[in-house]
Amino acid sequence: MSVQDRKQRERAERERLIVATARELAEQQGWDAVTTRRLAERIEYSQPVLYSHFRGKREIIGAVALEGAAELAAAVRAAAAAADGPRARVAALARAYLDFAVRKPAVYDAIFQLDGGLAFAREDTPAQLKDAFAALLESLGEVAGEGVHPGVFTELFWASLHGLATLSRAGRLPPEYTEQRLDLLVDRLAVL
């Protein structure tokens, strides 16, 4: 192993440590608590070292978002794969999505609420974000209905899930109707 390989590996490890620490701090105390000073203290590196990896908090949020999008895609795919039949797949996908938003609120916010400097729905959209959408499209495309563009249907279903996740997390929807909302969403939008 060359010195160059070792330095690249150490750099990648530091970057993973910064992202993991930012996620941990954001999940514990919210994104306002994530500052370069606090991150530098927690990882025991100087702020200039942090800035050699990320230009600032925005890029750190973007890195967390990309990591989180990959996790969301995996969770949605696993849930859909474990279900039997189109309706069960769509319902499982919806539950997995909403569960992700509840279990990992800071990561969910990094993906969908905060400015991480990432492009959505464009050619330069990062692969992780495209894959998260593809994970939804894989199950939702089959229930879009005749004459409905699968991508547009997936966007609508995703927007509905995002609205449910956002309103539920904010305490604006009574939790006792969560299952009924999901059933209505699946039954009214999906052509089964």
Side-chain angles (χ1 to χ4, degrees), residues 1-78 96-137 151 154-172:
M1 175 187 324
S2 73
V3 172
Q4 181 71 12
D5 290 340
R6 179 183 55 79
K7 286 184 178 186
Q8 286 177 341
R9 189 180 69 250
E10 289 171 353
R11 180 173 177 74
E13 288 172 9
R14 267 193 317 272
E15 198 164 293
R16 280 191 296 274
L17 177 62
I18 293 166
V19 171
T21 304
R23 281 181 71 154
E24 179 183 313
L25 187 56
E27 291 294 357
Q28 291 171 352
Q29 300 176 29
W31 278 104
D32 287 341
V34 179
T35 64
T36 54
R37 171 181 272 157
R38 289 185 80 186
L39 285 174
E41 289 171 4
R42 282 198 175 204
I43 64 172
E44 298 177 342
Y45 282 100
S46 67
Q47 282 183 289
V49 168
L50 215 99
Y51 283 114
S52 75
H53 290 273
F54 299 99
R55 286 187 292 225
K57 183 176 176 177
R58 182 177 187 219
E59 282 190 4
I60 294 169
I61 290 169
V64 170
L66 294 178
E67 195 174 88
E71 292 169 16
L72 177 60
V76 164
R77 282 191 175 108
Y97 183 98
L98 295 175
D99 182 57
F100 183 91
V102 169
R103 284 185 304 103
K104 300 179 181 191
V107 174
Y108 186 85
D109 288 347
I111 300 169
F112 297 116
Q113 306 282 81
L114 302 175
D115 179 10
L118 304 174
F120 281 81
R122 296 190 339 211
E123 279 196 34
D124 60 338
T125 297
Q128 297 92 323
L129 298 178
K130 287 180 180 179
D131 189 52
F133 185 78
L136 297 173
L137 180 62
T154 301
E155 290 169 350
L156 178 63
F157 201 94
W158 168 37
S160 299
L161 288 173
H162 178 68
L164 287 173
T166 302
L167 292 169
S168 294
R169 286 181 45 212
R172 291 193 165 79

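Predicted model, so just to flag it, every value in this text is computed and none were measured. When reading the values below, keep in mind they use all heavy atoms of this one structure, side chains included, and skip hydrogens, waters and symmetry mates.
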All side chain to side chain donor-acceptor pair (under 3.5 Å) counterparts of Glu59, not counting sequence neighbours: Arg55

Partner set under salt bridge (charged side-chain N to carboxylate O under 4.0 Å, His left out) for Arg169, not counting sequence neighbours: Asp109

Using residues 154-161 as the side-chain source, report each donor-acceptor pair under 3.5 Å to any protein atom, sequence neighbours left out, with the distance given to one decimal.
from   : atom 1 : to     : atom 2 : distance (Å)
Thr154 : OG1    : Pro150 : O      : 2.8
Trp158 : NE1    : Tyr97  : OH     : 3.2
Ser160 : OG     : Leu156 : O      : 3.0

Sub-4.5 Å side-chain heavy-atom contact between Leu72 and Phe112: yes

Spacing of Thr166 atom OG1 and Leu98 atom CG [to the nearest 0.5 Å]: 9.5 Å

From Leu39 atom CG to Glu41 atom CD, the distance as rounded to the nearest 0.5 Å: 9.5 Å

Residues forming a salt bridge (charged side-chain N to carboxylate O under 4.0 Å, His left out) with Glu123, sequence neighbours excluded: none

Closest heavy-atom pair and its distance - Ala110, Ala65: O-CB, 3.3 Å

Val107 vs Val64 side-chain heavy atoms within contact, under 4.5 Å: yes

Pairwise distance CZ(Arg172) to OG(Ser168) - rounded to 0.5 angstrom: 11.5 Å

Polar side-chain atom of Glu27 near backbone of Ala106 as donor-acceptor pair, under 3.5 Å: yes

Minimum heavy-atom distance between Gly151 and Phe133, given as atom pair plus value: O-CZ, 3.6 Å

Gln8: side chain to side chain donor-acceptor pair (under 3.5 Å) partners, not counting sequence neighbours: none

Pairs touching residues 62-74 that satisfy salt bridge (charged side-chain N to carboxylate O under 4.0 Å, His left out), sequence neighbours left out: Arg23-Glu67, Arg23-Glu71, Glu71-Lys104

Val76/Phe100 under side-chain contact (heavy atoms from CB on, under 4.5 Å): CA gap, chis, key distance, verdict: CA-CA 9 Å; Val76 164; Phe100 183 91; over 6 Å; no

Counterpart residues, side-chain contact (heavy atoms from CB on, under 4.5 Å), relative to Asp131 (two or more places apart): Ala73, Arg77, Ala134

Test item: Ile43 and Leu50 side chains (from C-beta on) under 4.5 Å apart, heavy atoms: yes

Rounded distance (nearest 0.5 Å) linking atom NE2 of His53 with atom CD1 of Ile18: 4.5 Å

Which atom of Ala40 lies closest to which atom of Ser46, heavy atoms considered: CB-C, 4.0 Å

Residues forming a side chain to side chain donor-acceptor pair (under 3.5 Å) with Arg37, sequence neighbours excluded: none

CD (Glu10) with more than 12 external heavy atoms under 6.0 Å: yes

Thr36: partners by side chain to side chain donor-acceptor pair (under 3.5 Å), with sequence neighbours left out: Gln47, Tyr51

OG1 on Thr125 to CG on Leu118, rounded to 0.5 Å: 9.0 Å

side-chain contact (heavy atoms from CB on, under 4.5 Å) involving Arg16 - partner list, sequence neighbours excluded: Ala12, Glu13

Ile61 vs Asp115, side-chain contact (heavy atoms from CB on, under 4.5 Å): CA-CA, chis, key distance, verdict: CA-CA 7 Å; Ile61 290 169; Asp115 179 10; over 6 Å; no

Any residue meeting side-chain contact (heavy atoms from CB on, under 4.5 Å) with Asp124, in chain and number order, not counting sequence neighbours: Ala119, Arg122

Contacts of Ala33 that satisfy side-chain contact (heavy atoms from CB on, under 4.5 Å) - sequence neighbours left out: Leu25, Gln29, Arg38

Over all atoms of both residues, closest heavy-atom pair of Phe54 and Ala63: CE2-CB, 3.7 Å

